[in-house]
Protein chains: 2
Amino acid sequence: MNLPIRIVIADDHVLVRQGIRAFLETHADLSIVGEAEDAASAIALCSAQMPDVALLDLVMPGGGIEATRAIRAASPQTQVVLLTSFENAQQILAAVQAGALSCLLKDIDADALADTLRKAARGEAVLHPRIAARLMEALREDADPASGLLESLSQREHEVLALMAEGLSNSSIAERLGIGEKTVKTHVSNVLGKLNVSDRTQAAVYAWKSGMKQR
Amino acid sequence: MNLPIRIVIADDHVLVRQGIRAFLETHADLSIVGEAEDAASAIALCSAQMPDVALLDLVMPGGGIEATRAIRAASPQTQVVLLTSFENAQQILAAVQAGALSCLLKDIDADALADTLRKAARGEAVLHPRIAARLMEALREDADPASGLLESLSQREHEVLALMAEGLSNSSIAERLGIGEKTVKTHVSNVLGKLNVSDRTQAAVYAWKSGMKQR
DNA sequence: TTCCTTCTCCGCCGACAGACCGAGAGCCTT
DNA sequence: AAGGCTCTCGGTCTGTCGGCGGAGAAGGAA
């Protein structure tokens, strides 16, 4: 057996921290090297201790996501495992993109938590099944265009928008589609009108935000 | 107990289909209403049978992702569950965005498969833990900018680009940042030069493609 | 100090963008 | 046949964009 895995716990509820500590102390290979009750002290603690794993509550004073980002920046070898009571897909997505490795619900049992922490120390991610399900939902949602406005575009206008969204000028679009530049300008004007935006850049941004796939 | 869950299996290997069928037939509430060996016949079968769940191999002639998309379009009440041997995050992401509900690895045991199918019939998603881990990796990867060119931008230029990427005009950016429009134009010109693009739309597209997050 | 970068701002000017006007041809529904 | 939609193209005009050259102030590095 190697050195014990060094862990920092951050949660704004004392009871939760004590509970987790009590759970984890029954495992000899897990060592709790510090506790914090808000984002700022969690970040400071991780900067000082450089733990293997930081176990953070997603909702805590100062913000669990901000804490994740700061800890990952200050101490890259520290893997962040998030605990959450609720299943908010957007928050979880943001947390993952901020650098969180694993996400667990608080109803997890002690052995599974210990297992997740060991995996985290090795860089292996774990997603709670219910969280995974929510994440799937979220991904499916922002995958579907269904932004309404996009559907009002004609076939040709779609093509023109797609090329606009690649950064092409009117003349380049005309060349690519084999039509006149004046025609392209007409299509562009129609697209701007239908999308309710005032210039091609906003149209391109709209296309990207809507996840227009026809690249 | 309600009506049995109607399932279509699609896999290009006969042995796999027979194996799955043998597994599932031990469950009284699961009814296999058809088998297919490629995307085209799977789509046709689902259009005709309108099953509750389609169990597809991710790699099959015609493409599991295309099959997923077509089945979801032709028979929206059919939930798609994907089976895969490999853990390619990009493919899985694409599959989820094509409308797949759950993703499993082929090393799953029969009871877990049955459980996943029952959940799928109720619209509940299941992600295989190893797939979940890969998905997390992928999400973390395309979250980090690290596009090189972006790092040559100064702080102010970053801010200006971020606002360009939201579709703001020079005057709006000036207003937002509390500086003169001429100054904004200078920054914009510098950004265009550093990013090696010729207009603000291309810069905005670049920002989006690079996954610039500083919104 | 000197040099370099960054941020700020100025004027000039050509080029493209986008609005507004009209119009002909093809296609589909009524 | 009439009306509607789409795609095509034309002209005109105003505004913004973006390039070019210049410049002052502040801060850090050599």
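Sequence lines set the chain letters: A, B, ... in the order given, protein chains first and strands last, and positions in each chain run from 1. Just the heavy atoms: all of them, side chains too, but no hydrogens, waters or symmetry mates, feed the values below.
Between B/Thr183 and C/dC7 there is no side-chain polar atom (N or O) within less than 4.0 angstrom of OP1 or OP2. Between B/His187 and C/dT8 there is a side-chain N or O to OP1 or OP2 distance below 4.0 Å. Between A/Ser154 and D/dC7 there is a side-chain N or O to OP1 or OP2 distance below 4.0 Å.
Listed nucleotides: D/dC7, C/dT6, C/dT8. Nearest to the side chain of B/Lys194: C/dT6. Candidate nucleotides C/dG11, D/dC7, D/dT8 were compared by shortest atom distance to the side chain of B/Lys182, and C/dG11 ranks first.
Distance, A/Gln155 CD to D/dC7 C1': 12 Å, rounded to whole Å. One atom, CD1 of A/Ile173, and another, C1' of C/dG18, lie 13 Å apart when rounded to the nearest Å. Rounded to whole Å, atom P of C/dC9 lies 11 Å from atom CG of B/Leu177.
Under the salt bridge (Lys or Arg N to Asp or Glu O under 4.0 Å) criterion, A/Asp11 pairs with A/Lys106, sequence neighbours left out. The side-chain hydrogen bond (donor to acceptor under 3.5 Å, both in side chains) search around A/His128 returns A/Asp107, not counting sequence neighbours. Under the side-chain hydrogen bond (donor to acceptor under 3.5 Å, both in side chains) criterion, B/Thr78 pairs with B/Ser75, sequence neighbours left out. For B/Lys185, there are no salt bridge (Lys or Arg N to Asp or Glu O under 4.0 Å) partners two or more places apart in sequence or in a different chain. Contacts of A/Arg176 classified as salt bridge (Lys or Arg N to Asp or Glu O under 4.0 Å), with partners at least two apart in sequence or in another chain: none. Under the side-chain contact (heavy atoms from CB on, under 4.5 Å) criterion, A/Ser198 pairs with A/Gln202, not counting sequence neighbours. With sequence neighbours excluded, the residues satisfying side-chain hydrogen bond (donor to acceptor under 3.5 Å, both in side chains) with A/Ser172 are A/Ser169. Legend: residues meeting side-chain hydrogen bond (donor to acceptor under 3.5 Å, both in side chains) with B/Ser189, ordered by chain and number and at least two apart, are absent. Residues meeting the salt bridge (Lys or Arg N to Asp or Glu O under 4.0 Å) test with A/Glu159, sequence neighbours left out: A/Arg156.
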Polar atoms only, N or O, under 3.5 Å: list the protein pairs with nucleotides 13-20 of chain D and their distances.
{"from": "D/dC17", "atom 1": "OP1", "to": "B/Asn170", "atom 2": "N", "distance (Å)": "3.1"}
{"from": "D/dC17", "atom 1": "OP2", "to": "B/Asn170", "atom 2": "ND2", "distance (Å)": "3.3"}
{"from": "D/dG18", "atom 1": "OP1", "to": "B/Arg200", "atom 2": "N", "distance (Å)": "2.6"}
{"from": "D/dG18", "atom 1": "OP2", "to": "B/Arg200", "atom 2": "NH1", "distance (Å)": "2.8"}
{"from": "D/dG18", "atom 1": "N7", "to": "B/Lys185", "atom 2": "NZ", "distance (Å)": "2.6"}
{"from": "D/dG18", "atom 1": "O6", "to": "B/Lys185", "atom 2": "NZ", "distance (Å)": "2.8"}
{"from": "D/dG19", "atom 1": "OP2", "to": "B/Ser189", "atom 2": "OG", "distance (Å)": "2.8"}

Between the protein and nucleotides 25-30 of chain D, list every N/O to N/O distance that falls short of 3.5 Å.
none

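Surrounding CD of A/Glu175 are at most 12 heavy atoms belonging to other residues, nucleotides or ligands under 6.0 Å away.
Using modelled atom types, no side-chain atom of A/Arg21 and backbone atom of A/Glu35 make a donor-acceptor pair closer than 3.5 Å.
From one end of the helix from C/dT1-D/dA30 to C/dT30-D/dA1 to the other, with five pairs defining each end axis, the axis direction shifts by 40° (rounded to 10°).
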